[in-house]
Asker: 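Here it is, the structure, as structure tokens.
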There are 2 protein chains.
Amino acid sequence: MKDKPTRAARQPRTHPSPGNATTATPHEPTRRRLSGRATIADVADLAQVSTMTVSRALKDPAQLSPEARARVEAAVTELGYVPNHAARTLATSRSHVVAVLVPSLSNTVFVDTLAGIQDCLGPAGYQILIGNTGYSSGKQAELVSTYLSHAPDGFLVTGIDGSEAIRQRLAAARVPVVHMYDLSRTPGEWSVGFSQQRAGFTLTKYLLERGYQCPGFVAAQLDPRTMQRRAGFRRALREAGLDPDVEILTDEPSSVGLGSKLLAQMLSHAPACDAIFCCNDDLALGALFECQRRGISVPGRIAIAGFNDLPPSAWSTPSLTTVTTPRYQIGFEAARLLLQILDGHPPERSCIDLRFTLTPRESA
Amino acid sequence: MKDKPTRAARQPRTHPSPGNATTATPHEPTRRRLSGRATIADVADLAQVSTMTVSRALKDPAQLSPEARARVEAAVTELGYVPNHAARTLATSRSHVVAVLVPSLSNTVFVDTLAGIQDCLGPAGYQILIGNTGYSSGKQAELVSTYLSHAPDGFLVTGIDGSEAIRQRLAAARVPVVHMYDLSRTPGEWSVGFSQQRAGFTLTKYLLERGYQCPGFVAAQLDPRTMQRRAGFRRALREAGLDPDVEILTDEPSSVGLGSKLLAQMLSHAPACDAIFCCNDDLALGALFECQRRGISVPGRIAIAGFNDLPPSAWSTPSLTTVTTPRYQIGFEAARLLLQILDGHPPERSCIDLRFTLTPRESA
DNA sequence: CTGAAAGCGCTTACAG
DNA sequence: CTGAAAGCGCTTACAG
């Protein structure tokens with residue numbers, strides 16, 4: 001009696017009658033759980049092997065004898081067996097979930113990045129939990145806590161930059177974190193992106209080379225990446241001996257409508273401004289619309305440049321000069337880096353620079 | 001010996017020394033699991049109650065004596081205890097995960113809907129898994145399978161419309177499904193949205209009332225919702241005794257650039273066309289850009305109307321006449337409906353009509 | 001109001 | 001190449 005295995009004691013189980021070992025023979029309906037799904041034990045019974053053998057068949061079929069493998073495979077398809085993730089997670093303490101924190105989804109920027117993440121992580125069997133922080137560090141902290149309870153295997157984040165407290169919670173949880181979009185200067189911190197500062201510098205240089213005398217900087221949201229672009233703008237102007245303070249900054253959320261508004265402000269506060277560097281394409285598009293509304297010629301009276309190269313920017317009239325950013329690649333490579341870390345093969349460089357491209361078009 | 005509880009047999013556990021029952025007294029470091037996280041057993045030990053009492057304290061504190069509750073609460077905060085979702089899922093066969101299938105994230109339409117879903121489901125303790133089907137029914141089938149293995153408590157879907165096979169897999173899994181965006185005509189099927197057909201009809205009627213003689217329909221992607229709008233367009237033209245066949249349809253993915261291209265096609269194929277109904281705002285914006293490029297006056301020579309009222313549409317020059325859709329509300333209400341179903345309190349009506357609004361502006 | 005026991009479905013050493 | 005046992009961390013009846 002004391003040798004009776006736990007499994008049998010836990011629950012009566014109907015077995016296929018011992019006689020029909022061949023898969024072709026019809027057998028009694030296999031017992032299912034409440035969930036309605038077949039379990040690994042059902043497969044094992046039907047295939048006449050132990051649950052472990054089924055487990056092995058699933059993760060490394062080569063380990064089995066051809067016969068056993070064939071029987072397990074047949075049982076799996078016959079029962080429509082799908083592994084239960086919760087059970088696997090509990091047993092392995094690997095959730096195969098990655099938490100992704102992005103500051104916004106309202107333009108295509110981070111959506112492209114998510115696509116890259118999905119394309120890398122999906123085939124590797126990972127699910128992603130997407131948290132939209134709305135550029136708020138309170139929301140960030142909240143999401144980190146929530147996701148931590150799901151025990152993700154890793155985090156992919158944009159814009160944790162602000163809060164030291166959040167960084168510490170993440171460190172305490174000993175979960176690997178890859179930062180996206182900017183290049184980290186903190187040693188030992190993984191990052192995939194490009195130099196926001198250099199991108200801002202490059203675009204501004206371009207404007208100066210085109211002969212604009214008084215470029216201005218227009219920005220909203222004012223997240224750290226935007227501020228880096230601004231730093232690049234200022235550096236270029238200073239190097240050229242020009243006034244770096246022609247700027248309109250607001251922490252309102254970025255939008256096309258806001259771009260219209262900010263263009264108007266720039267025009268009235270700095271009438272000499274002959275070119276504006278908008279910290280993103282949405283703002284630039286709004287600025288362009290406002291110029292059209294007022295009959296102001298672009299780039300004749302004022303040049304307009306954006307940032308990111310969103311899809312509409314190539315089609316507006318005039319088309320928008322901008323900086324093309326490797327958004328999809330950032331997601332894909334950040335995910336790939338995380339996978340390498342999780343597999344115990346971290347690369348040497350902790351900081352992957354994916355670069356940006358200046359894309360001159362008609363507006364500047 | 002045989003009475004030794006399983007837990008003790010499984011793993012040696014260090015208890016706080018029996019003497020110091022008060023929470024203020026320092027105690028030995030509590031044992032943690034490999035995962036590094038405290039477990040319910042750790043909390044139980046520290047609070048000197050059973051694990052079940054902790055479990056109760058977490059879900060219904062009122063059930064406990066004030067003393068026990070206080071000790072559990074103190075232990076929870078001291079250990080930073082966070083419940084393990086995988087264990088809870090396994091024990092309850094409720095995953096607290098909802099799978100959401102959307103056809104695209106590349107404009108703000110479904111992003112708004114996701115926000116609504118999050119805002120409803122997040123506070124209720126649910127996580128969402130977001131699947132982007134890319135308007136492909138193959139991808140749909142794939143995502144349904146993948147997500148089914150995560151045993152979501154429910155599905156929120158847009159555009160399963162196509163495949164009967166997918167509908168059946170979902171039905172077989174006995175998981176509740178709420179359809180979003182159109183109103184289902186299939187009895188017993190939950191849906192939250194508005195009548196796409198009526199919306200198409202209403203916008204077309206408006207164009208006719210404004211005196212346009214030869215409206216045309218421009219559409220891409222050709223998903224079922226787009227085709228419903230087209231049906232509304234055709235009905236309105238037929239009722240007016242006009243030719244409903246002025247149309248350019250393509251199954252290419254929708255984009256601003258494509259809008260420019262399709263406007264050009266319409267102009268050359270149907271020179272008499274004096275108003276176009278674009279099946280979404282991206283297409284309409286592209287069409288507008290193309291008119292600007294060609295120096296064609298809008299709405300003078302040709303009127304342009306869009307669909308959805310995306311944020312830029314209010315700001316273009318001219319601003320875009322369109323149909324405003326309750327995208328956020330659709331997500332929120334669909335999620336709320338799902339929650340009601342999961343709680344065993346389904347509403348009587350299976351079909352929730354959230355309506356649309358005609359938004360006339362400058363372009364038509 | 002509180003607890004002992006068994007179970008959820010899987011995997012990890014450890015044997016053989 | 002294959003299996004018995006124990007464990008992952010929680011909850012659900014069932015008792016008292």
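Numbered from 1 within each chain, the chains take letters A, B, ... in sequence-line order.
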Asker: Can you give the donor-acceptor pairs under 3.5 Å from side chains of residues 124-134 of chain B to other protein atoms, not counting sequence neighbours?
Answerer:
{"residue": "B:Tyr126", "atom": "OH", "partner": "B:Arg94", "partner atom": "NH1", "Å": "3.3"}
{"residue": "B:Asn132", "atom": "OD1", "partner": "B:Gly134", "partner atom": "N", "Å": "3.1"}
{"residue": "B:Thr133", "atom": "OG1", "partner": "B:Val102", "partner atom": "O", "Å": "3.3"}
{"residue": "B:Thr133", "atom": "OG1", "partner": "B:Tyr135", "partner atom": "N", "Å": "3.4"}

Asker: Whole angstroms only, please: what is the CG-C1' distance between B:Leu79 and D:dC10?
Answerer: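 After rounding, the reported distance stands at 16 Å.
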Asker: Side-chain donor-acceptor pairs under 3.5 Å in residues 341-350 of chain A, sequence neighbours left out?
Answerer:
none

Asker: Which listed nucleotide (C:dG9, C:dG3, C:dT2) is nearest to the side chain of B:Val49?
Answerer: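 Nearest listed nucleotide: C:dG3.
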Asker: Rounding to a whole Å, what distance do you find between B:Asp60:CG and D:dC10:P?
Answerer: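 Going from CG in B:Asp60 over to P in D:dC10 covers 18 Å.
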Asker: Please determine if a side-chain N or O atom of B:Thr39 lies less than 4.0 Å away from the OP1 or OP2 oxygen of D:dG9.
Answerer: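 Answer no for this pair, as no side-chain N or O of B:Thr39 is under 4.0 Å from OP1 or OP2.
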Asker: NA contact type, B:Ala86, heavy-atom cut-off 4.0 Å: base, sugar-phosphate, or nothing?
Answerer: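 Here B:Ala86 touches no strand at all.
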Asker: Can you measure A:Asp42 atom CG to C:dC10 atom C1' for me and round it to whole angstrom units?
Answerer: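 After rounding, the reported distance stands at 13 Å.
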Asker: Taking NE2 from A:His85 and C1' from C:dG9, how many angstroms apart are they, rounded to a whole number?
Answerer: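 That distance rounds to 13 Å.
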Asker: Between atom CG in B:Leu90 and atom P in C:dA6, what is the gap in whole Å?
Answerer: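 After rounding, the gap between these two atoms is 18 Å.
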Asker: Rounded to whole Å, how long is the line connecting atom NE2 of B:His96 with atom P of D:dC10?
Answerer: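 Going from NE2 in B:His96 over to P in D:dC10 covers 14 Å.
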Asker: A:Thr186: which residues meet the side-chain hydrogen bond (donor to acceptor under 3.5 Å, both in side chains) condition with it, sequence neighbours left out?
Answerer: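 Partners of A:Thr186 under the side-chain hydrogen bond (donor to acceptor under 3.5 Å, both in side chains) test: none.
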Asker: Is the phosphate of C:dC1, meaning OP1 or OP2, less than 4.0 Å from a side-chain N or O of B:Ser65?
Answerer: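 No, no such contact exists.
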Asker: Just to confirm, is there a sub-4.0 Å distance from OP1 or OP2 of C:dG3 to any side-chain nitrogen or oxygen of B:Thr53?
Answerer: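 For C:dG3, OP1/OP2 do have a side-chain N/O of B:Thr53 under 4.0 Å.
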Asker: If the condition is side chain to side chain contact (heavy atoms under 4.5 Å, CB included), which residues does A:Ser95 pass it with, not counting sequence neighbours?
Answerer: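 A:Ser95: side chain to side chain contact (heavy atoms under 4.5 Å, CB included) contacts with A:Thr89, A:Val97, A:Asp153.
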Asker: Who passes side chain to side chain contact (heavy atoms under 4.5 Å, CB included) against B:Ala87, sequence neighbours left out?
Answerer: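 Once residues adjacent in sequence are excluded, the partners of B:Ala87 under the side chain to side chain contact (heavy atoms under 4.5 Å, CB included) criterion are A:Leu90, B:Asn84.
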Asker: Taking side-chain hydrogen bond (donor to acceptor under 3.5 Å, both in side chains) as the test, write out the residues that go with A:Arg336, two or more places apart.
Answerer: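 Result, side-chain hydrogen bond (donor to acceptor under 3.5 Å, both in side chains) vs A:Arg336: A:Glu333.
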Asker: Nearest whole angstrom, please: distance from the P of D:dC1 to the CZ of A:Arg71.
Answerer: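 Roughly 15 Å, once rounded to whole Å.
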Asker: Rounded to whole Å, how long is the line connecting atom CG of A:Asn84 with atom C1' of D:dC8?
Answerer: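 About 13 Å, once rounded to whole Å.
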Asker: Could you run through nucleotides 11-16 of chain D and give me one letter per nucleotide, 5' to 3': B if any protein heavy atom sits under 4.0 Å from the base, S if only the sugar-phosphate is that close, - if neither?
Answerer: SBB---
Asker: Taking a pair as Watson-Crick (N1 to N3 plus N6-O4 or O6-N4) or G-U wobble (N1-O2 and O6-N3), both under 3.5 Å, which stems of 3 or more consecutive pairs involve DNA chain D?
Answerer: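 So far as stems of 3 or more pairs are concerned, DNA chain D shows C:1-3 with D:14-16, C:5-12 with D:5-12, C:14-16 with D:1-3.
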Asker: Say whether, by atom type as modelled, one donor and one acceptor occur between the side chain of B:Thr92 and the main chain of B:Arg88 under 3.5 angstrom.
Answerer: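 Answer holds: yes.
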Asker: Run the side chain to side chain contact (heavy atoms under 4.5 Å, CB included) test against B:Ser145 and tell me which residues pass, sequence neighbours left out.
Answerer: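 With sequence neighbours excluded, B:Ser145 shows a side chain to side chain contact (heavy atoms under 4.5 Å, CB included) to B:Arg169, given in chain and number order.
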Asker: Of B:Val177, B:Val192, B:Leu337, B:Leu338, which meets side-chain contact (heavy atoms from CB on, under 4.5 Å) against B:Leu156?
Answerer: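 Checked B:Val177, B:Val192, B:Leu337, B:Leu338 against B:Leu156; only one passes side-chain contact (heavy atoms from CB on, under 4.5 Å): B:Leu338.
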